[in-house]
Amino acid sequence: MSDPRIEGLLDGLNPAQREAVTWGDGPLLILAGAGSGKTRVLTHRIAWLIQTERARRDELLAITFTNKAASEMRSRAEMLLGHSARGMWVMTFHSACTRMLRAEATRLGYTRQFTIYDQADARRLVKHSLDAVDADPKRFSPAAVHSQISDAKNRLRNAAEYRSMVGSYFEQTVADAYEVYERELVRNNAMDFDDLLVRTVNLLELFPEVRERYQRVFRHILVDEYQDTNHAQYMLLRLLAGERRNIAVVGDDAQSIYGFRGADIRNILDFERDFKEAHIVRLEQNYRSTQTILSAANAVIAHNRDQMPKDLWTEVGEGDPIKVRVLADEHAEARYVLGEIERLVDEGVSRAEIAVFYRTNAQSRVLEDVLVRAEVPYQVIGGTKFYERAEIKDAMAYLTLLANPQDQVSFTRIANSPRRGIGQTSLSRVLAQAATLGQPVWEVAAGAERVPGLGKAAVTAFGRFMDVMGELRALASGGGPVAELLETTLRRSGYLDWLEAERTFEAQGRIENLEELVGVAREFDASAEQGGLDAFLEQVALVSDADARVDDQGLVTLMTLHNAKGLEYPIVFIIGCEEGIFPHSRSLDEGSLEEERRLCYVGITRAMRDLTFSYARRRSLFGVEHYGLRSRFLDELPVELVDAGDEFVAPAFGGAFAGRASAVSSGSSWAAASAGGSAAAAPSVSYRLGDDVLHAAFGEGVVTGVEPGGIVVVRFARDGSERKLLDSAPMERQ
């Protein structure tokens with residue numbers, strides 16, 4: 001006789017979801033396509049295991065990546081069960097590990113009251129460790145070294161193992177600091193966040209009785225977002241699963257986009273190898289998007305070799321074609337997006353339904369400028385508005401102080417940014433002296449030796465700082481281009497060197513933002529009716545003073561593609577779809593193109609009913625003008641799904657659009673154009689290998705390669721860079 005409680009639990013589940021929820025013992029891989037209801041499956045499986053008495057509440061371990069996800073899973077499970085989930089291990093990896101370590105820490109030489117160091121604490125200890133090994137602070141930043149140590153720990157490599165693999169002076173120094181860092185952690189009875197995973201793995205490997213006890217306790221293990229696990233998390237789960245092997249993992253290899261954080265896609269791709277008896281359930285019915293959007297996502301991800309194939313489908317309906325728009329430059333692109341937003345709002349769409357995605361944070365700047373001028377309220381998710389980012393505010397503070405030596409706020413912000421030995425106490429004394437004497441802070445700092453109570457080291461630090469600022473102010477008074485002044489300021493102040501020494505993705509992003517600010521200054525120099533530093537500062541102040549009002553129509557949402565994961569919007573724009581931008585040039589250099597394609601898949605599947613891609617023929621990004629090719633991902637979209645507007649564009653990569661006319665009702669053509677509808681031939685290249693050329697923006701160069709589709713590869717003399725350009729770029733033979 002069936003149990004009505006269990007039948008009620010399964011009501012409303014589609015066949016694949018029901019299969020995943022009710023699978024019995026043994027390893028289970030739930031391949032959950034985008035928008036297929038994976039959280040629902042996880043929570044229903046938890047409730048089903050308890051209702052069918054396959055496990056008590058305290059015999060379940062449900063692992064998530066964020067506290068928010070854990071809280072949501074717990075509350076949903078409680079609603080399904082009709083009682084409290086107290087005693088159930090529904091938590092993040094780090095929370096579960098902390099609970100185990102608090103009980104067993106003495107076995108590893110810690111007390112149960114061990115301290116957990118956060119990121120700031122860990123960085124401070126790394127700095128101490130670098131000082132202990134006499135590392136040059138200008139060459140070895142705590143951030144860069146901590147990043148290396150963290151990566152090693154995520155791969156379960158201790159200091160000795162890391163040392164055995166060093167291949168450079170930088171890595172040798174990291175190895176030295178790593179040993180000191182580990183000793184100091186143990187001496188302080190402390191663990192960093194990576195240690196919570198590592199030490200738990202150590203505990204389970206070194207003490208069989210502890211491992212067997214937890215294997216008995218956890219009759220069933222459930223893991224969310226399995227594609228995002230790193231090696232340490234993978235080993236932890238294998239050790240806990242034990243001989244029962246009752247582990248159910250939910251994930252989507254097509255949404256594995258965090259390789260740069262240590263996530264290892266092989267964990268999900270090799271699940272069947274690790275658990276040969278594994279049962280696989282594919283959740284392919286999508287409840288979010290139109291079939292057109294899903295078919296586009298299926299087609300793009302099909303180009304990846306390393307994948308577990310899925311075919312997303314929906315009962316929502318076909319929906320409108322995907323729009324692909326080509327614009328003259330990034331300003332035209334931003335104006336186009338603004339025009340579409342205004343049109344949609346006029347039609348009754350809430351701004352809260354609209355999102356704009358881009359590959360790098362710096363790309364938001366031009367769009368933000370346009371939205372501010374049009375008084376369109378917006379928000380930046382997972383980041384900060386361009387002119388509110390710390391590095392941009394620092395750079396603007398340098399320029400502000402050069403224009404106004406009396407500005408104490410700007411002086412206070414940059415005096416020790418980057419760190420140059422000017423502590424808060426010394427800074428306060430200089431500011432107090434300026435207030436007492438009624439003199440500009442610039443003058444007081446320039447004569448720091450006359451400030452009462454200021455130590456010799458501080459006097460020297462202020463002297464060096466003000467010498468540099470004096471040189472920069474002389475340059476500023478010359479009235480030259482603001483872009484040149486900004487570039488010189490960032491370099492002479494040591495700010496760029498400081499970021500470059502970090503060797504982290506975060507620091508690289510900050511450098512890109514500063515390069516974009518230099519691009520803003522270049523635009524100003526080229527177009528402003530009244531030039532000069534004062535006018536530039538005024539322009540930026542007006543643009544950055546965004547109207548913070550929120551009305552009934554909500555906020556347009558801007559974010560990077562990485563931050564878009566897990567979200568959904570009725571209307572999505574993905575801008576900047578050019579080679580080198582998306583896919584990012586770094587992915588092409590490092591061989592991570594497949595992860596970039598997965599990022600494109602994530603972007604596509606965020607859209608519910610309306611999706612637009614855009615790219616520019618010419619773009620100034622990071623202070624450099626690019627004549628770009630459209631992204632290969634656009635060529636992978638099936639032609640019958642695309643509305644390409646009225647533009648003719650030859651395919652860059654001979655993909656889905658090569659030699660085919662668009663089949664959408666507008667009658668527009670994507671890669672074929674002629675009165676008779678015949679396919680357009682790829683343009684021939686008029687340059688030959690070895691030709692000397694002169695480019696309007698990049699100067700003199702030599703042709704080093706000629707590729708199909710009208711592409712010329714040129715190495716430029718000015719900076720030694722090699723660029724791929726369209727044959728139609730503003731360039732001529734010499």
Side-chain angles (χ1 to χ4, degrees), residues 123-124 127-128 130-132 134-144 390-480 482-502 507 510-511 514 517-518 521 533-534 537:
R123 289 272 171 92
R124 278 191 289 270
K127 184 180 185 303
H128 167 78
L130 287 167
D131 291 341
D134 294 324
D136 182 352
K138 293 181 179 178
R139 295 183 61 185
F140 302 97
S141 75
E391 62 275 10
I392 300 300
K393 292 177 80 71
D394 286 347
M396 295 305 299
Y398 271 103
L399 294 184
T400 300
L401 188 62
L402 294 177
N404 176 16
Q406 294 178 288
D407 189 332
Q408 290 199 12
V409 172
S410 294
F411 181 87
T412 302
R413 183 175 186 96
I414 65 172
N416 202 40
S417 184
R419 292 179 181 171
R420 49 175 63 92
I422 298 175
Q424 190 58 47
T425 301
S426 300
L427 182 58
S428 298
R429 284 177 174 153
V430 168
L431 294 172
Q433 180 77 343
T436 300
L437 299 179
Q439 294 180 344
V441 66
W442 182 294
E443 292 181 15
V444 174
E449 68 278 0
R450 296 189 293 274
V451 176
L454 211 58
K456 185 177 179 181
V459 170
T460 301
F462 272 112
R464 288 174 179 162
F465 173 52
M466 295 311 298
D467 284 346
V468 170
M469 294 302 292
E471 294 173 15
L472 293 171
R473 192 164 183 222
L475 179 62
S477 64
V482 177
E484 183 181 317
L485 173 63
L486 178 55
E487 284 184 301
T488 305
T489 298
L490 292 172
R491 187 59 70 185
R492 288 286 291 115
S493 65
Y495 202 96
L496 277 182
D497 292 339
W498 170 57
L499 289 176
E500 287 166 354
E502 277 204 15
R510 294 187 188 113
I511 291 171
L514 290 170
L517 184 62
V518 172
L533 179 57
D534 290 340
L537 293 171

Single hit among Asp534, Leu537, Leu472 for side-chain contact (heavy atoms from CB on, under 4.5 Å) with Leu399: Leu537

Approximate separation, where rounding is to 0.5 Å, of Met396 CE and Ile392 CD1: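 Rounded to the nearest 0.5 Å, the CE-CD1 separation comes to 9.0 Å.
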
CH2 on Trp442 to CG on Asn404, rounded to 0.5 Å: 10.5 Å

Checking [X] side chain against [Y] main chain: does a donor-acceptor pair fall under 3.5 Å?
{"X": "Asp407", "Y": "Leu401", "result": "no"}
{"X": "Ser493", "Y": "Thr489", "result": "yes"}
{"X": "Arg510", "Y": "Ala390", "result": "no"}
{"X": "Arg139", "Y": "Ala501", "result": "no"}

Arg419, CZ: over 12 other non-hydrogen atoms inside 6.0 angstrom: no

Derivation of the side chain to side chain contact (heavy atoms under 4.5 Å, CB included) call for Gln433 and Val430: CA-CA 5 Å; Gln433 180 77 343; Val430 168; 5.8 Å; no

Non-hydrogen atoms of Gly453 and Arg429 that approach each other most closely: O-NH1, 2.7 Å

Stepwise side-chain hydrogen bond (donor to acceptor under 3.5 Å, both in side chains) check, Asp394 with Ser417: CA-CA 8 Å; Asp394 286 347; Ser417 184; 3.3 Å; yes

Close side-chain approach of Glu443 and Pro405, heavy atoms under 4.5 Å: no

Whether Tyr495 and Tyr398 hold their rings parallel, tilted or perpendicular, with breakpoints at 30° and 60°: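 Rings of Tyr495 and Tyr398: perpendicular, as their planes differ by over 60°.
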
